Amino acid sequence: MNSKDTRTQFLNFFKGKGHKIVPSAPMVIKDDPTLLFTNAGMNQFKEYFLGISQSKNTRVVDTQKCLRVSGKHNDLEEVGKDTYHHTMFEMLGNWSFGDYFKEEAITWAWELLTEVLKIDKESLYVSVFEGSEDADKLEKDHEAYALWKKIVPVDRIIMGNKKDNFWEMGDQGPCGPCSEIHVDIRSKEEKAKVSGASLVNQDHPQVVEIWNLVFMQYNRKANGSLESLPAKHVDTGMGFERLCMVLQGVQSNYDTDIFTPLIREIETITNSDYGKNEEVDIAIRVISDHIRAVSFSIADGQLPSNTGAGYVIRRILRRAVRYGFTFLNTKEPFMYRLVNVLTDSLGDAYPELKDQKQLIENVIKEEEFSFLKTLDQGLVLLDTIITNTKGKTVDGSKAFELYDTFGFPIDLTALILSEKGYELDEAGFDTAMQQQKNRSKSASVVSKQDWEILVDDNEQEFVGYDLLDVEVKITKYRKIVSKKDGTQFQIVFNLTPFYAEGGGQVGDKGYLEDTHGDVVYITDTKKENNEIIHFAKNLPKHLGESFKAVVDKKQRSRTESNHTATHLLHQALREILGKHVEQKGSSVHSKYLRFDFSHFAKLTSEELHDVENFVNARIDGQLHLQEQRNVPMKDAVEAGAMALFGEKYGDAVRTIRFGQSIELCGGTHVKNTSEIWQFKIKSEGAVAAGIRRIEAITGDAVKDFHVDNDKLLSKIKDVLGNSQDPVKSVVGLQDENSNLKKQVAELLKDKAKNLKGELLQELQVVNGVQFLAKHIDLDAGGVKDLCFEMGNNKDNLFLLFGTEQNGKAFLSCYVSKELVASKGLNAGTIVRELGKYIQGGGGGQPFFATAGGKNPDGISEALDKAKEYLQ
Ligand code: ATP
Ligand code: MG
């Protein structure tokens with residue numbers, strides 16, 4: 001059975017059991033401080049498990065794009081080396097939110113695998129939580145055991161410990177026992193020799209876990225204790241690629257139809273063979289895996305970069321490039337050429353890949369190109385490190401520097417060193433790495449207390465589209481402490497006018513005021529698990545009372561101007577540059593807006609002008625906000641709203657329309673474009689291959705901008721002696737300046753000629769060499785010309801000149817070529833040695849070299865020493 005059919009069959013099976021099929025959430029997570037990437041199917045449903053909100057459907061089924069390369073789940077180092085862990089993979093899952101529990105979950109999983117998909121029952125093993133003796137004192141999962149016993153012989157039910165069979169979302173939050181299903185795909189002969197049961201959870205490549213059924217029945221509190229959850233949930237996750245491996249009767253995920261087209265293409269491009277040599281095979285697996293992770297991430301809007309999620313992606317891509325470089329001998333970008341095959345095979349299930357294909361290719365190509373350059377530079381640096389190494393062991397901290405600052409991979413360093421007969425001081429490298437980890441860890445440590453619940457109210461309401469000032473009650477709060485921000489309080493209200501950071505727009509600030517006149521400032525507003533959380537430095541004194549919650553109107557209205565201007569800018573770019581323009585990132589602040597979009601060339605000043613005019617025309621046009629809330633997604637898209645990939649939208653969306661600009665948007669906007677007053681682009685530039693960034697301002701900020709420009713202009717006029725036409729004055733000055741420069745150059749030439757005549761007279765003969773060491777007054781270029789001209793006139797010449805410029809000292813040394821050979825004089829060595837007198841260094845060639853330093857007083861001493869080279 002091919003993989004496409006398997007995916008459909010899974011979804012349809014659970015649809016038949018009353019589940020609603022929902023789409024995968026984005027793999028790249030925005031607006032969640034705790035997680036960069038989706039690493040399990042349950043991430044997008046966290047809020048339901050935490051009881052913060054209720055799902056419309058209590059039974060749901062989906063396939064989720066996951067990435068396991070950072071944080072709690074990090075499989076990166078296994079990937080390629082084994083045959084069943086990927087960075088990016090699909091997780092099939094069925095979900096019960098307070099609906100069915102263990103019985104249905106277990107029987108349906110068994111029915112699907114053995115009756116629908118017809119996997120041989122004899123090859124399946126299941127595991128059950130055995131209980132724990134530790135502080136939690138948990139009982140064995142009797143319920144699950146009894147259910148399995150009805151369908152599976154007891155010798156294939158394996159009891160598992162807490163590590164394998166008790167699942168926790170994090171340090172706090174929902175958790176519970178789980179049952180895993182493992183499959184043994186070894187041959188009959190092997191099975192006869194060693195029982196499968198003994199290989200479960202032993203990292204055997206052919207006895208692997210395919211499905212995990214998690215039964216969430218507890219909540220882990222901040223103090224570490226467990227409490228029972230009022231509603232119990234089921235969360236299951238099955239590795240799609242592993243399931244396909246089993247169903248297609250192959251021994252490796254990479255031998256399924258999900259990977260073989262990619263592998264064939266890699267073989268063709270790199271002229272290699274899969275299946276002949278283990279190192280080559282690992283490289284091919286790594287590349288075929290990583291191209292998926294990187295492409296999906298770019299399609300979700302996360303480009304490689306130097307920080308956060310972008311850095312994770314960059315490292316994955318570099319890992320693949322490096323494997324290619326080392327084992328497949330690829331010295332030029334090649335990964336981008338795989339995107340074609342990838343979109344052919346997954347483009348139907350994930351249309352974002354098809355839509356963004358060009359961008360994905362461009363970004364990957366550019367990244368490969370620049371990393372290959374880094375590799376080249378790293379190789380040169382590594383050579384220098386080796387040259388400066390005494391003995392045969394290379395300092396680990398040096399290797400770490402190479403890794404940390406230049407992204408030069410440590411295993412490549414080790415490999416090259418061993419090829420050259422050197423060893424890497426690995427302990428030193430590990431120490432340097434650990435020190436850096438500690439530094440960044442201690443900068444971000446956060447401790448959170450349990451929520452103090454004041455009012456049991458799960459239905460929080462955002463009223464800030466219409467109101468900026470309402471009466472609220474505090475429903476819960478907690479204290480958090482982080483190194484960066486110190487002590488803060490997170491406060492949740494029953495309803496709130498505060499907009500929480502999201503969709504690129506910053507969170508509102510403002511204050512809470514009680515009836516006694518006590519005020520607490522709200523410094524920021526963010527969403528966590530879809531709940532609006534207000535940040536404050538202090539807690540209100542009278543927690544149980546009512547408060548007036550007031551949003552900072554000035555900041556809000558400036559932010560709204562920038563948000564609406566962002567929509568108009570987006571529209572302008574698509575009208576003026578073309579429909580290939582897509583939003584790639586946006587951040588809307590009160591002071592400015594920033595907009596990233598796909599486009600392949602620098603904008604001309606004419607285009608920038610047109611864009612500004614387009615937006616300003618719509619501001620002058622006084623367009624009214626037309627807002628629709630709770631529109632079904634389908635209707636919104638049909639009406640022409642721009643839907644962005646990589647955004648997670650609920651079924652019902654909000655549309656924002658100003659004239660012809662229609663977008664799906666949860667942000668806040670002006671009521672009429674005239675409020676924006678004016679729009680001004682401040683800068684345009686590149687952020688990555690094929691991605692441009694515009695920064696712009698509106699309203700008051702534009703006024704300030706003009707006022708500043710006005711001041712600048714008056715200052716310039718002032719400096720030009722009250723010129724009425726500053727442009728003419730400046731052009732005049734430029735002309736004058738270039739004439740003067742020409743005159744100076746000629747005078748200097750004359751001077752050098754005269755000087756040359758004088759200096760030739762001053763030469764002394766020392767040990768048969770024409771010698772002169774002297775302090776002269778010329779610029780660097782002049783000295784060099786002088787030396788070579790003197791050299792044309794005289795053989796056997798050894799010159800050392802000291803000069804001074806802008807408070808710095810310079811030494812220039814010239815040695816006739818014949819002396820280099822006959823006397824072993826080397827200008828490079830000489831200036832390097834004499835450089836110490838002027839507190840500097842330098843170098844060059846044996847016949848001419850220069851040094852620069854910061855101590856002009858040392859010049860005469862250096863000149864005095866010159867003669868010694870002739871002794
Ligand atoms: P393993 O022990 O094999 O790493 P896990 O315990 O980390 O698996 P879960 O977190 O329970 O796995 O995830 C549910 C399912 O997702 C697993 O049963 C497996 O089929 C699949 N899975 C987990 N990690 C990966 C991965 N890196 N690549 C492919 N599939 C995976
Ligand atoms: Mg794992």
Side-chain angles (χ1 to χ4, degrees), residues 3 6-7 10 24 27 35 37-46 61-95 105 109 112-113 117 119 123-129 158 160-170 174-185 199-216 234-247 250 252-256 258-259 285-286 288-290 292-293 296 312 316 319:
S3 55
T6 304
R7 193 187 287 115
F10 177 84
S24 170
M27 187 177 84
L35 207 58
F37 301 99
T38 297
N39 61 21
M42 59 81 57
N43 297 156
Q44 71 160 320
F45 305 120
K46 244 167 41 174
V61 61
D62 70 352
T63 168
Q64 172 67 49
K65 337 175 232 189
C66 295
L67 190 66
R68 291 197 166 180
V69 290
S70 55
K72 182 180 161 206
H73 290 292
N74 188 346
D75 293 335
L76 185 60
E77 287 313 315
E78 304 321 312
V79 173
K81 293 181 189 145
D82 75 19
T83 50
Y84 58 105
H85 279 98
H86 301 295
T87 54
M88 183 258 156
F89 64 100
E90 288 180 65
M91 197 186 279
L92 305 166
N94 57 293
W95 314 87
L112 175 67
L113 294 180
L117 298 173
I119 297 177
S123 68
L124 294 173
Y125 293 85
V126 301
S127 66
V128 171
F129 180 49
I158 290 153
N161 60 20
K162 219 171 174 181
K163 180 180 137 286
D164 287 322
N165 285 84
F166 193 85
W167 194 90
E168 309 214 26
M169 195 167 94
C175 53
C178 59
S179 263
E180 301 164 339
I181 303 175
H182 296 256
V183 57
D184 180 356
I185 52 171
L199 297 176
V200 166
N201 272 333
Q202 301 300 318
D203 296 329
H204 192 289
Q206 276 131 17
V207 184
V208 295
E209 175 191 329
I210 52 166
W211 203 348
N212 194 356
L213 317 179
V214 180
F215 312 118
M216 292 203 208
V234 172
D235 150 12
T236 86
M238 172 148 64
F240 173 62
E241 297 75 10
R242 292 187 192 177
L243 177 65
C244 290
M245 160 176 85
V246 177
L247 296 178
V250 291
S252 152
N253 287 6
Y254 294 90
D255 293 336
T256 63
I258 304 170
F259 284 94
R285 287 197 289 267
V286 163
S288 67
D289 173 278
H290 292 8
R292 289 164 32 106
F296 270 92
V312 174
I316 298 177
R319 186 169 185 261

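Heavy-atom basis, side chains included; hydrogens, waters and symmetry copies ignored. In this text, all values refer to a predicted model and were calculated from it rather than measured experimentally. Numbering of ligands and ligand atoms starts at 1, following listing order.
- For ligand 1, the atoms sitting less than 4.0 Å from at least one non-hydrogen atom of Asp75 are 24 (N), 26 (C), 27 (N), numbered in the order shown with element in parentheses.
- Atoms of ligand 1 lying under 4.0 Å from at least one heavy atom of Met91, given by number and element, are 13 (O), 14 (C), 16 (O).
- A salt bridge between Arg292 and Glu90 is absent, with no side-chain N of the basic residue lying under 4.0 Å from a carboxylate O of the acidic one.
- For ligand 1, the atoms closer than 4.0 angstrom to any heavy atom of Tyr84 are 28 (N), 29 (C).
- In terms of N/O distances under 3.5 Å, ligand 1 is approached by Gly239.
- In this structure, Asn94 CG and Asp235 CG are separated by 9.0 Å, a value rounded to the nearest 0.5 Å.
- Residue Asn212 has at least one heavy-atom neighbour below 4.0 Å for each of these atoms of ligand 1: 11 (O).
- When Arg68, Arg242, Gln64 are ranked by how near their heavy atoms come to atom 9 (P) of ligand 1, first place goes to Arg68.
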Go through Met91 and Met238 one step at a time and tell me if the side-chain contact (heavy atoms from CB on, under 4.5 Å) criterion holds.
CA-CA 5 Å; Met91 197 186 279; Met238 172 148 64; 5.9 Å; no
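- For the residue pair His86 and Asp289, a side-chain donor N or O sits within less than 3.5 Å of a side-chain acceptor on the partner.
- Only the backbone of Trp211 comes within 4.0 Å of ligand 1, judged by heavy-atom distances.
- With a 4.0 Å cut-off on non-hydrogen atoms, Ile210 touches ligand 1 through its backbone and not its side chain.
- Taking any N or O of His73, backbone or side chain, none lies under 3.5 Å from an N or O belonging to ligand 1.
- Between Glu180 and ligand 1, not a single N/O pair is under 3.5 Å apart.
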Test side-chain contact (heavy atoms from CB on, under 4.5 Å) on Ser123 and Val183 and set out the steps.
CA-CA 6 Å; Ser123 68; Val183 57; 3.9 Å; yes
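- Going from atom CG of Leu213 over to atom OG of Ser127 covers 9.0 Å, rounded to the nearest 0.5 Å.
- Residue contacts with ligand 1: Trp167 is placed with no nitrogen or oxygen under 3.5 Å of a nitrogen or oxygen of the ligand (distance criterion only).
- Selection from Lys163, Glu78, His85, Met238 by nearest heavy atom to atom 4 (O) of ligand 1 gives His85.
- For Arg242 and Glu209, the salt-bridge test fails: no basic side-chain N is under 4.0 Å from an acidic carboxylate O.
- Between the choices Gly41, Gly237, Cys178, Gly93, the shortest heavy-atom distance to atom 15 (C) of ligand 1 belongs to Gly237.
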